[in-house]
Amino acid sequence: MQNVSIQKAEDLSKAVKSALESLLGRTLEADEEISIMAYRPHEAPQGLVREQLAQSLIEQMDDMAERVKDASDDELDEILDEGMRSARPDYRPIK
């Protein structure tokens, strides 16, 4: 069973495109891609499990920070911009 669907707006039927535009509150452009995910929500972790997950996240961030400690601010900005462009090809940094 599929939980994720990605479609190009130009490939959608008129009815589906109209429904999605209604949900989004705006017109879809032909070159846009639409992704839909279906999943069951779950409760956020609590107590000790939450603390362990938070500590793990802090350790991961500390490890990443250690790996780039000698990078200049310009290098870090470029790395972040590159990541944003890979996720959002139309991304333009504000300078």
Return the set of residues passing side-chain hydrogen bond (donor to acceptor under 3.5 Å, both in side chains) with Arg85 (not counting sequence neighbours), or none when no residue passes. Glu78
Could you pull out the closest heavy-atom pair between Asp70 and Glu75, with the gap in Å?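 Between these two residues, the closest heavy atoms are O-OE1, 4.4 Å.
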Kindly check if the number of other-residue, nucleotide or ligand heavy atoms within 6.0 Å of [atom1] ([X]) is above 12?
X	atom1	result
Asp62	CG	yes
Met37	CE	no
Glu21	CD	yes

First locate atom CG of Asp63, then atom CD1 of Ile58, and finally report the distance between them rounded to the nearest 0.5 Å.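 These two atoms lie 14.0 Å from each other.
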At what distance, to the nearest 0.5 angstrom, does CD1 of Ile36 lie from CG of Leu23?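 The CG atom of Leu23 is 9.0 Å from CD1 of Ile36, to the nearest 0.5 Å.
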Can you confirm whether [X] sits close enough to [Y] that some side-chain heavy atom of one is under 4.5 Å from a side-chain heavy atom of the other?
X	Y	result
Gln60	Ser56	yes
Ile34	Leu20	yes
Tyr39	Asn3	no
Met64	Val68	no

Side-chain heavy atoms nearer than 4.5 Å, only ILVMFWY residues, links allowed to pass through others: does that put Leu12 and Leu24 together?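 Yes; tracing contacts between hydrophobic side chains, which count when under 4.5 Å, links both residues.
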Pairs under 3.5 angstrom only: tabulate donor-acceptor contacts from the side chains of residues 25-33 to other protein residues two or more places apart or in another chain.
| from | atom 1 | to | atom 2 | distance (Å) |
| --- | --- | --- | --- | --- |
| Arg26 | NH1 | Glu32 | OE1 | 3.1 |
| Arg26 | NH1 | Glu32 | OE2 | 3.3 |
| Arg26 | NH2 | Glu32 | OE2 | 2.8 |
| Glu32 | OE1 | Glu29 | N | 2.7 |

Using only heavy-atom distances, determine whether the side chains of Gln55 and Glu59 contain a donor-acceptor pair under 3.5 Å.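 Side chains of Gln55 and Glu59: pair found under 3.5 Å.
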